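Computed from a prediction, not measured in an experiment: that's the story for all the values here.
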Amino acid sequence: MPLNLLLLADTHIPKRAGDLPEQVWSAVENADVVFHAGDWVEAALLDEFERRSKRLLAVHGNNDGPELRRRLPETATATLDGVRFAMVHETGQANGRELRCEALYPDADVLVFGHSHIPWDTVSPGGLRLLNPGSPTDRRRQPACTYMEAVLDPGRLAEVRLVKVQR
């Protein structure tokens with residue numbers, strides 16, 4: 001049976017928005033597994049994600065203070081239906097990212113990351129899939145705020161799509 005995944009990062013609540021758009025909360029509640037790659041900013045948002053998510057995998061980011069760093073790891077790993085995931089907030093500069101991450105996460109099939117607010121979907125020469133969902137609240141120089149939805153079939157990531165947040 002396929003698993004519906006939601007990939008988020010860089011929510012920056014309440015600095016970039018007072019709350020997440022209802023579209024995002026609906027996606028959180030409908031996902032089988034929610035990934036959040038850091039920069040929550042306030043622990044109350046983590047509390048709300050824990051309340052609304054069926055299953056939450058999360059890390060802290062560079063804008064997360066002591067409370068979030070106490071509750072969340074810097075990196076996380078999970079195997080879901082035979083697919084090995086790793087997650088971290090920062091991966092460094094875009095140039096050389098695939099090879100650098102392949103070396104840092106040799107046991108992962110998929111790496112979820114954030115920090116740049118720039119959506120990213122590439123595959124390293126060795127087959128590591130790198131996914132950055134962008135930000136649902138702070139588009140920076142991007143045309144829209146975004147997150148990703150994915151479908152996990154047993155043993156493979158079957159579908160990944162970038163979703164624009166409707167304002």
Side-chain angles (χ1 to χ4, degrees), residues 3-42 44-46 48-49 52-53 55-64 68 72-78 80 83 85-102 104-105 108-124 128-152 157-167:
L3 284 177
N4 294 310
L5 311 180
L6 174 64
L7 284 58
L8 292 162
D10 299 290
T11 45
H12 293 273
I13 302 294
K15 294 195 177 198
R16 297 291 185 243
D19 195 2
L20 290 177
E22 186 52 42
Q23 172 188 353
V24 178
W25 280 126
S26 180
V28 167
E29 292 167 350
N30 289 318
D32 296 309
V33 183
V34 175
F35 290 76
H36 192 301
D39 273 4
W40 305 76
V41 177
E42 289 201 354
L45 183 63
L46 172 58
E48 191 65 12
F49 266 80
R52 292 187 185 210
S53 301
R55 180 173 179 190
L56 176 64
L57 298 170
V59 297
H60 68 75
N62 63 299
N63 283 293
D64 296 329
L68 287 160
L72 298 170
E74 183 176 1
T75 61
T77 60
L80 303 172
V83 178
F85 288 86
M87 184 167 43
V88 66
H89 183 64
E90 289 188 62
T91 59
Q93 65 181 359
N95 188 26
R97 179 176 284 147
E98 287 79 9
L99 290 175
R100 189 172 54 253
C101 290
E102 190 174 88
L104 289 170
Y105 303 96
D109 300 310
V110 178
L111 175 66
V112 179
F113 67 99
H115 187 62
S116 68
H117 299 213
I118 299 171
W120 189 277
D121 184 352
T122 58
V123 178
S124 74
L128 175 67
R129 181 94 177 254
L130 290 91
L131 299 173
N132 182 332
S135 171
T137 58
D138 183 12
R139 65 183 181 88
R140 288 198 180 154
R141 297 172 304 281
Q142 301 305 300
C145 292
T146 58
Y147 59 91
M148 286 179 170
E149 293 179 331
V151 176
L152 184 65
L157 196 58
E159 178 185 337
V160 175
R161 70 183 186 101
L162 186 65
V163 179
K164 293 179 181 176
V165 175
Q166 303 302 313
R167 294 280 183 196

Inset, instruction - Keeping the roles fixed (side chain from Asp121, backbone from Leu131), state whether a donor-acceptor pair exists under 3.5 Å. - result: no
Inset, instruction - Could you tell me whether the side chain of Val160 reaches within less than 4.5 Å of the side chain of Met148, counting heavy atoms only? - result: yes
Inset, instruction - Can you measure from CZ (Phe113) to CE (Met87) and round to the nearest 0.5 angstrom? - result: 13.0 Å
Inset, instruction - Check the side chains of Ser135 and His12 for a donor-acceptor pair under 3.5 angstrom, ignoring hydrogens and angles. - result: no
Legend entry - Ala31 backbone acceptor or donor facing Asn4 side chain under 3.5 Å: no
Inset, instruction - Kindly compute the distance separating NE2 (His115) from CG (Asn63), expressed to the nearest 0.5 Å. - result: 8.0 Å
Inset, instruction - Check whether any side-chain heavy atom of Val33 sits under 4.5 Å from a side-chain heavy atom of Leu152, and report yes or no. - result: no
Legend entry - With sequence neighbours excluded, residues passing ring-ring contact (aromatic ring centres under 6.0 Å, His included) with Tyr147: none
Legend entry - Short side-chain to backbone donor-acceptor contact, Gln142 and Gly134, under 3.5 Å: no
Legend entry - Arg55 side, atom CZ; Leu6 side, atom CG - distance, nearest 0.5 Å: 14.5 Å
Inset, instruction - Using the salt bridge (charged side-chain N to carboxylate O under 4.0 Å, His left out) rule, collect all pairs that involve residues 108-119, keeping only residues at least two apart or in two chains. - result: Arg84-Asp109
Legend entry - Interatomic distance, Cys145 atom SG to Arg140 atom CZ [nearest 0.5 angstrom]: 11.5 Å
Inset, instruction - Run the numbers on Asn132 and Ile118 for side chain to side chain contact (heavy atoms under 4.5 Å, CB included), then give the verdict. - result: CA-CA 7 Å; Asn132 182 332; Ile118 299 171; 5.5 Å; no
Inset, instruction - Drop me the distance from Thr75's OG1 to Glu90's CD, to the nearest 0.5 angstrom. - result: 13.0 Å
Legend entry - Within-4.5 Å side-chain heavy-atom neighbours: Thr91 and Trp120: no
Inset, instruction - Report yes or no: does His36 contribute a side-chain atom to a donor-acceptor pair with the main-chain N or O of Ala9 at less than 3.5 Å? - result: no
Inset, instruction - Please identify each residue that fulfils salt bridge (charged side-chain N to carboxylate O under 4.0 Å, His left out) with Arg139, with sequence neighbours left out. - result: none
Inset, instruction - With sequence neighbours left out, write down each residue that passes side chain to side chain contact (heavy atoms under 4.5 Å, CB included) with Asp64, or none if nothing qualifies. - result: Asp39, Trp40, His60, Leu68
Inset, instruction - Look at the side chain of Thr137 and the backbone N and O of Thr11, then say whether any donor-acceptor pair between them is shorter than 3.5 Å. - result: yes
Legend entry - Backbone of Asn95 reached by a side-chain donor or acceptor of Arg100 within 3.5 Å: yes
Inset, instruction - Please report the closest heavy-atom contact between Ala58 and Leu72, naming both atoms and the distance. - result: CB-CD2, 3.7 Å
Inset, instruction - May I ask you to decide if Asp10's main-chain N or O and His117's side chain share a donor-acceptor pair within less than 3.5 Å? - result: no
Inset, instruction - Scan residues 18-35 for pairs that pass salt bridge (charged side-chain N to carboxylate O under 4.0 Å, His left out), counting only residues two or more places apart or in two chains. - result: Glu29-Arg52
Inset, instruction - State which residue, out of Arg97, Glu98, Arg129, fulfils the side-chain hydrogen bond (donor to acceptor under 3.5 Å, both in side chains) condition with Thr122. - result: Glu98
Inset, instruction - With the side chain counted from C-beta on, respond yes when Pro21 and Gln166 share a heavy-atom pair under 4.5 Å apart, and no when they do not. - result: no
Legend entry - Contact summary for Leu8 and Pro136, nearest pair of heavy atoms: CD2-CG, 4.0 Å
Legend entry - Passing option when Leu5 is tested against Val83, Val34, Val112, Leu80 for side chain to side chain contact (heavy atoms under 4.5 Å, CB included): Leu80
Inset, instruction - Locate the shortest heavy-atom distance separating Val88 from Ala37; write the atom from each residue and the value. - result: O-CB, 4.0 Å
Legend entry - Spacing of Phe85 atom CZ and Leu7 atom CG [to the nearest 0.5 Å]: 7.5 Å
Inset, instruction - List the steps and the verdict of side chain to side chain contact (heavy atoms under 4.5 Å, CB included) for Val28 and Glu48. - result: CA-CA 10 Å; Val28 167; Glu48 191 65 12; over 6 Å; no
Legend entry - Arg141: salt bridge (charged side-chain N to carboxylate O under 4.0 Å, His left out) partners, not counting sequence neighbours: none
Legend entry - Sidechain-backbone polar pair: Ser124 side chain, Leu99 backbone, donor-acceptor under 3.5 Å: no
Inset, instruction - Spell out, as yes or no, whether a donor-acceptor pair under 3.5 Å connects the side chain of Glu149 to the backbone of Glu159. - result: no
